[in-house]
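Quick note: numbers below take in every heavy atom, side chains included, and nothing from hydrogens, waters or symmetry partners. None of these values were measured; they are calculated from a predicted model. We name chains A, B, ... by the order of the sequence lines, and we start the count at 1 in each one.
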2 protein chains.
Amino acid sequence: MAPATARFRDSPLLPGNCNACPVRRFASYSAVPAGSLNFLQSARAGQRLLPPKRNIYREEMEADEVFTLYDGWAFTYKLLPDGRRQILEFLLPGSFIGLHVLWFKAMPHSVQSLTPVSLCIFDKEKFRDLLRRKPAYEWELLKYSASRQALADERLSDLGRRTAKERIARLALVLHDQLAHRGLVNGGSFPFHLRQEHIADALGLTKVHVSRTLQGLRHEGLLEINRQSARILDFRGLRELTDYSESPAQERV
Amino acid sequence: MAPATARFRDSPLLPGNCNACPVRRFASYSAVPAGSLNFLQSARAGQRLLPPKRNIYREEMEADEVFTLYDGWAFTYKLLPDGRRQILEFLLPGSFIGLHVLWFKAMPHSVQSLTPVSLCIFDKEKFRDLLRRKPAYEWELLKYSASRQALADERLSDLGRRTAKERIARLALVLHDQLAHRGLVNGGSFPFHLRQEHIADALGLTKVHVSRTLQGLRHEGLLEINRQSARILDFRGLRELTDYSESPAQERV
DNA sequence: CGGATTTTTGAAAACCATCAACGCGGGTGG
DNA sequence: CCACCCGCGTTGATGGTTTTCAAAAATCCG
């Protein structure tokens, strides 16, 4: 049998050098001057490669590591006792994972890989020290936390006050913009690693209804999502359907 | 005509002295040693009293002040172009208001007073300086932000995956616990300043349905909410209905 | 007391969920 | 190389939760 890592051809090995890190500009510490990255480096406890559907954290459990998502997609979620699942957030490369473990014993949500994933690992205590000794990192993390909160605000409005069609259209636009920012969009189409069930669990719908709604959007020539990729067919149409502003609030600095 | 402040008999004047501040233990900087509160003091730009239904921030607008809610209730919300409203969070005394303005030009949501409210005002630039010069404050604010995020996670699960009855019951339990923490609960009953429409807009329902669901909960002897106060009638019943854990995640340190 | 706000009630319809079955495609093993 | 299986998406029929619209009753406030 092939070594476990053989399954991860798409997950390049981490450079082990924060200065050279290609996802640094999407990370929370993107504004920290490259010169002081050796402090970050010293908190690094290595890397980890995971296949899809593996838990990085589990709700209610304690943890002693925090992470930066180096490559691949993941998501945070909560499970109800009867099996209902709510996906809270999709995580793309550069995402900081585990803010909570810096203070709290029990994780408020689980985190799971969606694709093969590579993680940059930091020891919890060392990361705490880093933040306390280098306030520039702390400052950036606080800003990062504020910007994620703005995204959460929008998602909450989606679930509370928008129709299935609007929710799905907006999710596509958000992912589009986040991937465009990383240079991964090509003429409106971009890699898309969610199953319809993920869309359903993120947007408070059933997978059956997601399937039907997706077909509606396709037939109206607005949006096309299949197994591997998504494509925005009609930006204008989607924008007026969804009241989606071009520059999301959390990026208007 | 009486001076504007005459309407606010219930809003005691602020002490103007952070050491003596009675809401300090609920505020983000609760763990900052009392000795270094003079730094906080120096960033203070005074106080402000507002009647109910006044906006503290408005979505999309720029601001140059941040606040601590000293007394009264408020809430954050977003408005859709067609008038639909989503309430994101209810704010109780001690809440820090305006994290976003420290970095971003456009507020991601509006904030409005629910009752007469008194605010502790900080100049944005001075508060930024405070955070940068006194990392203890920054650290506490980051922790505070993480704990609010855990609350947002629960609310998102409510909207995405729970029924109207579960949502309302959980909202009551959350407010109960927050007020109990402040010593404002008396035998299961506590002050309650939301109209049914606020509950509806917070939980993604219509006010008509909230009215009907509230009657259901009352008839089942679980929960009673009227204009001034709420009362938990059956903790056990509510807990098993809602899967609500006694110590919410954000407080399990 | 009078006007505005809030809550309640009723009937009908919309949106989405549920249940169940079928189809499609990619990977695996024979 | 083909058959099979499994994960995923599709389709249809039906039902339930919640919405919408409209109006009346109750409460608050000046």
Side-chain angles (χ1 to χ4, degrees), chain A residues 1-2 6-7 9 51-53 80 82-86 112 114-116 158-169 171 192-219 223-230 241, chain B residues 1-2 4 6-10 51-53 80 82-87 112 114-116 158-169 191-219 223-230 241:
Chain A
M1 188 169 145
R7 299 188 55 200
R9 284 175 319 168
K53 300 189 189 179
L80 308 200
D82 63 359
R84 286 176 284 182
R85 179 175 70 170
Q86 177 62 43
Q112 187 172 114
L114 209 39
T115 65
D158 285 351
L159 296 209
R161 287 296 181 231
R162 281 188 245 254
T163 65
K165 197 163 149 188
E166 293 171 322
R167 296 181 207 182
I168 293 179
L171 175 59
F192 192 87
H193 298 297
L194 314 182
R195 311 293 86 199
Q196 292 187 359
E197 188 161 11
H198 296 120
I199 301 178
D201 286 346
L203 301 183
L205 303 167
T206 59
K207 54 189 182 183
V208 175
H209 197 60
V210 168
S211 170
R212 288 194 242 262
T213 307
L214 238 23
Q215 287 176 72
L217 287 165
R218 206 175 313 153
H219 290 143
L223 173 64
E224 210 167 46
I225 291 183
N226 56 46
R227 236 160 236 266
Q228 306 286 348
S229 69
L241 167 65
Chain B
M1 190 169 142
R7 299 189 53 200
F8 307 124
R9 285 173 320 171
D10 296 335
K53 300 191 188 176
L80 309 200
D82 63 358
R84 286 176 285 182
R85 178 175 72 172
Q86 178 63 42
I87 291 181
Q112 187 173 114
L114 209 38
T115 65
D158 285 351
L159 296 209
R161 288 295 180 232
R162 284 190 242 253
T163 65
K165 195 163 152 189
E166 294 170 323
R167 295 180 207 183
I168 292 178
F192 191 86
H193 298 297
L194 314 182
R195 312 293 84 197
Q196 291 187 3
E197 188 162 9
H198 295 122
I199 301 178
D201 286 347
L203 301 182
L205 304 166
T206 59
K207 54 189 179 183
V208 174
H209 197 59
V210 168
S211 170
R212 289 194 241 261
T213 307
L214 238 23
Q215 287 177 71
L217 288 165
R218 206 174 311 152
H219 291 143
L223 173 64
E224 208 167 47
I225 291 184
N226 55 45
R227 240 160 232 263
Q228 307 286 350
S229 69
L241 167 65

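- Between the CG atom of Leu159(A) and the P atom of dC16(C) there is a distance of 12 Å, given to the nearest Å.
- The side-chain heavy atoms of Glu197(A) and Arg85(A), taken from C-beta on, include a pair separated by under 4.5 Å.
- Of the residues near DNA chain D, Lys207(A) and Gly204(B), the one whose nearest nucleotide (by heavy atom distance) lies more toward the 5' end is Lys207(A).
- Distances were taken from every side-chain heavy atom of Arg195(B) (C-beta onward) to each of dT6(C), dT9(C), dA17(C); the shortest belongs to dT6(C).
- Look at CG on Leu205(A): it is 14 Å from P on dT18(D), rounded to the nearest Å.
- Listed nucleotides: dT19(D), dT11(D), dT18(C). Nearest to the side chain of Ser211(A): dT11(D).
- Residue Leu214(A) is out of contact with every strand shown, counting any heavy-atom pair closer than 4.0 Å.
- At a cut-off of 3.5 angstrom, the base of dG9(D) holds no donor-acceptor pair with the side chain of Arg212(A).
- Asp158(B) has its side chain out of reach of Glu166(B): every pair of non-hydrogen atoms, C-beta onward, lies at least 4.5 Å apart.
- Heavy atoms of Arg84(B) sit nowhere under 4.0 angstrom from any nucleic acid atom.
- Nucleic acid contact for Val208(A): base, since at least one base atom lies under 4.0 Å from a heavy atom of the residue.
- Straight-line distance from the CD1 atom of Ile199(A) to the P atom of dG9(D): 8 Å, rounded to whole Å.
- As rounded to whole Å, 13 Å separates atom P of dT18(D) from atom CG of Asp158(B).
- If you take CZ on Arg161(A) and CD1 on Ile87(B), they are separated by 9.0 Å, rounding to the nearest 0.5 Å.
- For Arg227(B), taking side-chain heavy atoms from C-beta onward, the closest of the listed nucleotides dC8(D), dC28(D), dT10(D) is dC28(D).
- If you measure from atom NE2 of His209(A) to atom P of dA14(C), you get 14 Å, rounded to the nearest angstrom.
- Rounded to a whole Å, the CG atom of Leu114(A) is 11 Å from the P atom of dC8(D).
- Counting non-hydrogen atoms under 4.0 angstrom, Lys165(B) reaches nothing in the nucleic acid.
- Contact annotation: side chain of Arg161(A) to base of dT18(D), donor-acceptor pair absent below 3.5 Å.
- Gln86(B) approaches Gly160(A) most closely through the heavy-atom pair OE1-CA, 3.2 Å.
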